[in-house]
Asker: 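Okay, handing you the structure first.
Keep in mind that this is a model prediction, so the values were computed, not measured.
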Amino acid sequence: PGSEFIASWEPNAPQPKAPSWTDVYIGLNAGGAWSSPTIASQNIGWAGLTPLATLGNNSIGVANSTLTPLPTTFTNNISGFVGGFQIGANYKFADSFVAGAEADIDGTAGNTNSKWTLGSARGGGNNIFTTYSQRTTTLSYLGTIRGRLGYLVTPTLEAYGTAGFAYGGVTAANANVTTRSGGTNFFYSGPQFNGTLLGWAAGGGLEWMFTKDWSVKADYLYYNLGNVRLADNFYSVTYAPFVANTNYLNNGNAFGLTGLTSANFSGNVIRAGVNRHFDLSNSEAKTAESSSRYDLAAGVVGE
């Protein structure tokens, strides 16, 4: 594409053929993504069916040491590189309008962030419980399937808007590690989500056909993948390490935490890309046919 474009600068170069904008294409893109997802956490202490006040006090001590007995919101600022490929199709109508569809998928690098907190509180038996907490959000990949509607500012430059379906791989985690003074016991709790969310994306951009088969583009997208809500129960039996258990009330000598977490994922993407187009309009054949008919008619008139 580069040599074809440079050749158009030469003196007396033939006028390049205008693109048809009725085509299919495939290409590559790269750019950056940034967002400020919020993650809200709440850790609730509880004691099992026991008359011993110490267990209840220890449970309160563990809960208070997390610093989030009430819902607390943290904002994680994440940003990094995105890059991938796209495929699409265009159809030109009404002289200057182009309708189309595009699908893309981008991997990411660096789009993760964590917020740390540290707290301690006294529990039963003068035990000091110290908790290290980490709230993490990550965007690992992003894909979209969108419609496009554009206007030809010039025969080779399109300004377009776009909107449609989005999906992305995300991680949301609320991890807590609690240690007890005067002993080697520790307790761990924390719900985590690692999977794919579905949502929407919208934005716009410019695409320039610098030859009849190649284009470069730049666009902006806002995406919203929605929220995740997580919950986990963990319990301890006479200071044994926490383990997951949803039937903790059946254990009369247990205390522990219920961790509640929610996180939202939305953000911004700016990318540049290059596309290889494959003309579907058959305009060259139509031009050749029209030229052939003109030559034939001219020959008949000449005779």
Side-chain angles (χ1 to χ4, degrees), residues 19-38 78-109 111 137-153 156-172 193-209 213-229 263-281:
S20 71
W21 293 100
T22 297
D23 54 35
V24 295
Y25 60 88
I26 185 169
L28 301 175
N29 71 78
W34 72 97
S35 62
S36 299
T38 57
I78 63 176
S79 61
F81 169 83
V82 297
F85 69 92
Q86 66 272 345
I87 59 173
N90 291 315
Y91 177 74
K92 180 181 175 182
F93 67 98
D95 292 331
S96 297
F97 291 90
V98 180
E102 184 173 282
D104 57 42
I105 185 166
D106 290 336
T108 70
N111 282 273
T137 51
T138 301
L139 176 69
S140 54
Y141 67 88
L142 179 69
T144 68
I145 302 173
R146 296 169 284 106
R148 282 180 34 164
L149 181 61
Y151 176 77
L152 296 180
V153 181
T156 59
L157 180 64
E158 177 194 17
Y160 61 87
T162 181
F165 170 77
Y167 60 96
V170 303
T171 297
F193 174 86
N194 188 10
T196 299
L197 295 181
L198 307 179
W200 58 271
L206 296 171
E207 186 164 9
W208 175 43
M209 296 281 291
D213 296 321
W214 290 89
S215 70
V216 290
K217 71 166 190 171
D219 60 21
Y220 163 82
L221 286 179
Y222 174 81
Y223 66 88
N224 190 323
L225 301 177
N227 301 302
V228 293
R229 296 182 62 85
N264 78 302
F265 289 89
S266 60
N268 311 273
V269 178
I270 289 182
R271 302 173 298 185
V274 59
N275 288 321
R276 172 63 165 94
H277 295 254
F278 302 90
D279 194 343
L280 298 180
S281 68

Asker: Using side chain to side chain contact (heavy atoms under 4.5 Å, CB included), reason through Trp214 and Val274 one step at a time and then give a plain yes or no.
Answerer: CA-CA 7 Å; Trp214 290 89; Val274 59; 4.0 Å; yes

Asker: Nearest 0.5 Å, what's the OG-NE2 distance between Ser215 and His277?
Answerer: 3.0 Å

Asker: Can you find a pair of side-chain heavy atoms, one from Tyr223 and one from Leu225, that are under 4.5 Å apart?
Answerer: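 Of all side-chain heavy-atom pairs linking Leu225 with Tyr223, at least one is under 4.5 Å.
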
Asker: Does a donor on one side chain and an acceptor on the other come within less than 3.5 Å for Arg148 and Thr162?
Answerer: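 There is no such pair between these side chains.
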
Asker: For Thr38, is there any backbone N or O sitting under 3.5 Å from a side-chain donor or acceptor partner on Asn264?
Answerer: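 Yes: the side chain of Asn264 pairs with the backbone of Thr38.
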
Asker: Using a 6.0 Å cut-off, check whether atom CZ of Phe81 has over 12 heavy atoms from anything other than its own residue.
Answerer: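 Yes.
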
Asker: Test side chain to side chain contact (heavy atoms under 4.5 Å, CB included) on Ile270 and Trp34; report intermediate values, then the result.
Answerer: CA-CA 9 Å; Ile270 289 182; Trp34 72 97; 3.8 Å; yes

Asker: Heavy-atom distance under 4.5 Å between the side chains of Tyr220 and Val269, does that happen here?
Answerer: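 No. Closest side-chain heavy atoms not under 4.5 Å.
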
Asker: Do the side chains of Arg146 and Leu221 get nearer than 4.5 Å, heavy atoms only?
Answerer: yes

Asker: Check whether any side-chain heavy atom of Tyr151 sits under 4.5 Å from a side-chain heavy atom of Ser96, and report yes or no.
Answerer: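 Yes, at least one pair of side-chain atoms sits under 4.5 Å.
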
Asker: OG1/Thr108 to CG/Leu142 distance, rounded to the nearest 0.5 angstrom?
Answerer: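 Taking OG1 in Thr108 and CG in Leu142, the distance rounds to 9.0 Å.
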
Asker: Below 4.5 Å, heavy atoms only, C-beta onward: do Lys217 and Gln86 meet side chain to side chain?
Answerer: yes

Asker: Distance check, rounded to the nearest 0.5 Å: Asn90 atom CG versus Glu207 atom CD?
Answerer: 6.5 Å

Asker: Using only heavy-atom distances, determine whether the side chains of Glu102 and Tyr25 contain a donor-acceptor pair under 3.5 Å.
Answerer: yes

Asker: Check Gly32 against Val82 and note the closest heavy-atom contact, atom names and distance.
Answerer: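 Smallest interatomic distance, heavy atoms only, reads N-CG2, 3.8 Å.
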
Asker: Going by distance alone, is a donor N or O of one side chain under 3.5 Å from an acceptor N or O of the other, for Asn29 and Asp104?
Answerer: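 No.
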
Asker: What about Trp200 and Tyr222, are their ring centers closer than 6.0 Å?
Answerer: yes

Asker: Looking at every non-hydrogen atom in both residues, tell me the closest pair between Asn111 and Ser79 and how far apart they are.
Answerer: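 Heavy-atom minimum between the residues: OD1-C, 3.5 Å.
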
Asker: Testing the 3.5 Å rule here: is there a donor-acceptor pair between the side chains of Tyr141 and Asp106?
Answerer: no

Asker: Would a 4.5 Å heavy-atom cut-off, applied to side chains only, mark Asp23 and Tyr91 as touching?
Answerer: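 No, too far: nothing below the 4.5 Å cut-off.
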
Asker: Tell me if a side-chain donor or acceptor on Thr156 pairs with a main-chain N or O of Trp208 at a distance below 3.5 Å.
Answerer: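 It does not hold such a pair.
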
Asker: Check step by step if side chain to side chain contact (heavy atoms under 4.5 Å, CB included) holds for Leu152 and Leu157.
Answerer: CA-CA 6 Å; Leu152 296 180; Leu157 180 64; over 6 Å; no

Asker: I need the Ser266 OG to Leu197 CG distance, nearest 0.5 Å.
Answerer: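 Between atom OG of Ser266 and atom CG of Leu197 there are 11.0 Å.
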
Asker: If you take all heavy atoms of Gly150 and Glu158, which pair is closest and at what distance?
Answerer: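 In terms of heavy atoms, the two residues are closest at CA-OE2, 3.3 Å.
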
Asker: Can you tell me how far the CD1 atom of Ile78 sits from the OG1 atom of Thr137, to the nearest 0.5 Å?
Answerer: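 OG1 of Thr137 is found 5.0 Å from CD1 of Ile78.
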
Asker: Scan side-chain atoms only and decide if Thr144 and Tyr167 contain a donor-acceptor pair under the 3.5 Å cut-off.
Answerer: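 The criterion, which ignores hydrogens and geometry beyond distance, is not satisfied for Tyr167 and Thr144.
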
Asker: Around atom CZ of Arg276, are there more than 12 heavy atoms from other residues, nucleotides or ligands closer than 6.0 Å?
Answerer: yes

Asker: With a 4.5 Å cut-off on side-chain heavy atoms, are Leu280 and Val24 touching?
Answerer: yes

Asker: At their closest point, which heavy atom of Ser20 faces which heavy atom of Ser281, and how far apart are they?
Answerer: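 Result for this residue pair: CB-OG, 3.3 Å.
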
Asker: Does the side chain of Val228 come within less than 4.5 Å of Phe193's, by heavy atoms?
Answerer: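 In short, these two side chains touch, coming nearer than 4.5 Å.
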
Asker: Give, for atom OH of Tyr160 and atom CG of Asp219, the distance between the pair rounded to the nearest 0.5 Å.
Answerer: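 Output value for this atom pair is 4.0 Å.
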
